[in-house]
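Report on the following structure.
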Protein chains: 2
Amino acid sequence: MTRATPNRRRGRQLPTAEELRIWRDFIETTDALRSRLASRLQVESSLSPGDYAVLLALSEAQDQQLRSSELATHIGWERSRLSHHLGRMERRGLIRRQECATDPRGAEVHLTPTGAEAFRGSTVPHLRAIRELFVDALTPEQLRAAGEIAAALRVHLDARHKE
Amino acid sequence: MTRATPNRRRGRQLPTAEELRIWRDFIETTDALRSRLASRLQVESSLSPGDYAVLLALSEAQDQQLRSSELATHIGWERSRLSHHLGRMERRGLIRRQECATDPRGAEVHLTPTGAEAFRGSTVPHLRAIRELFVDALTPEQLRAAGEIAAALRVHLDARHKE
DNA sequence: CTAGCATGTTTGACATGTCAATCGTCCGGA
DNA sequence: TCCGGACGATTGACATGTCAAACATGCTAG
């Protein structure tokens, strides 16, 4: 790093080789981490990360039910993605959809006993996996730094999104 | 953080609320970053991240060709994933598969002129996007920390994989 | 020589994701 | 009233991923 053009370094040029190396390490490793977590969740609980997110949101909801759009907002998914996923989860008996009492256009998504049971059984193993694969891999300072890095990336992403 | 059971803190228990918050920030943000990068690549070059990885590997290869299994190893994909992806890329004219001269079982994957052209055109915008969305979001110390975090996670993942 | 396992790759079935189009209901103004 | 757009959700077409099974050829023990 550090060719002799300091004023052109920031925000203008392509990444250096070192920056690119870090980028690749970072993105590939987070990918591997994600996929390892997903596979443990699958093996230990027969749930996908998507299933888990939906079940978590419903478990925390009043009456274990949410309007479809609220659910989408809560977990940050596009409507159509959620709709497809709910279809699959409904086939497996994890959730149930029924017409909303107050708005005939809308749908209420309900947690079924089967779904609640599946979620209960998955929580502890999943949290344990997060601890083992993420938290335990890092020193306390690294963990703190990871939080700050995430925050910085998020702010930057959101800022660029608005532009 | 920090209940009064210091000897049970490490490696045994579930994550604390703070650890869990960091985990969620971290994984959700890296996901958002990945998907933003993918969408820019798509818009700017009509390529998916998978396309880019394949084209990059072939571009760097001797004679712009690789055995299918070497390619899979190089980019870290499962064989079947690569096979499906190559099928799609072949339909679009980005690569070509032909029987390997030295081993009739094997397949050689060749970069086509179309594929080479697409890759050339995508490189600069893609690297610029990495710079803008990742490198520029972080301070130099954070960038260094990101590299160290990735390395630590990787080592930990690999260690647990062997167990 | 040949049965059977190893090797290299593909295939099929299905889960997951995105995008654009569709469908039904609601609502405000001519 | 009724029309057109807003709103809530689903659908279809297709890209991407995983897993297990299938295929074809190579190699080796007997």
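Numbers restart at 1 for each chain; the letters A, B, ... are given by sequence-line order, proteins then strands.
Where S39(B) and L86(B) meet DNA chain C, the nucleotide closest to each residue was compared, and L86(B) sits on the side nearer the 5' end. Between E70(A) and S35(A), the one whose closest nucleotide on DNA chain D sits nearer the 5' end is E70(A).
The aromatic rings of Y52(B) and H126(B) sit tilted relative to each other, their planes meeting at an angle between 30° and 60°. In this pair, H85(A) and W77(A) present their aromatic rings perpendicular. The plane angle is above 60°, beyond the 30 to 60° band.
At whole-Å resolution of the value, CZ in R67(B) and P in dT7(C) are 14 Å apart. Following rounding to the nearest Å, R91(B) (CZ) and dT11(C) (P) show an atom-to-atom distance of 12 Å. Atom pair H85(A):NE2 and dT16(C):P shows a separation of 5 Å (rounding to whole Å applied). Whole-Å rounding puts the W77(B) CH2 to dG17(D) C1' distance at 10 Å. E108(B) has its CD atom 17 Å from the C1' atom of dT10(C), to the nearest Å. Whole-Å rounding puts the R79(A) CZ to dG17(C) C1' distance at 17 Å. Taking atom CE of residue M89(A) and atom C1' of nucleotide dT16(C), one finds them 13 Å apart after rounding to whole Å. At whole-Å resolution of the value, CG in D51(A) and C1' in dG17(C) are 14 Å apart.
Within the nucleic acid shown, R92(A) has no heavy atom closer than 4.0 Å to any nucleic acid atom. Base contact: H84(B) has a heavy atom under 4.0 Å from a base atom. Base contact: S80(A) has a heavy atom under 4.0 Å from a base atom.
Between E117(A) and R120(A) there is a salt bridge, since at least one side-chain N of the basic residue sits less than 4.0 Å from a carboxylate O of the acidic one.
Candidate nucleotides dC7(D), dG8(C), dT16(C) were compared by shortest atom distance to the side chain of R105(B), and dG8(C) ranks first. Of the candidates dT10(D), dG26(D), dC19(D), the closest approach to any side-chain atom of A107(A) belongs to dT10(D). Of the listed nucleotides (dG17(C), dA9(D), dG26(D)), dA9(D) has the atom at the smallest distance from the side chain of S68(A).
In plain terms, the two heavy atoms of L86(B) and V109(B) that are nearest each other are CD1-CG2, 3.7 Å.
A donor-acceptor contact under 3.5 Å is not formed by the side chain of R81(B) with the base of dT18(D). Taking 3.5 Å as the limit, the base of dC7(D) and the side chain of S69(A) contain no donor-acceptor pair of atoms between them.
Under 3.5 Å, the side chains of R144(A) and Q142(A) contain no donor-acceptor pair of N or O atoms.
Of the side-chain N and O atoms in S48(B), one or more sit less than 4.0 angstrom from OP1 or OP2 of dT16(D).
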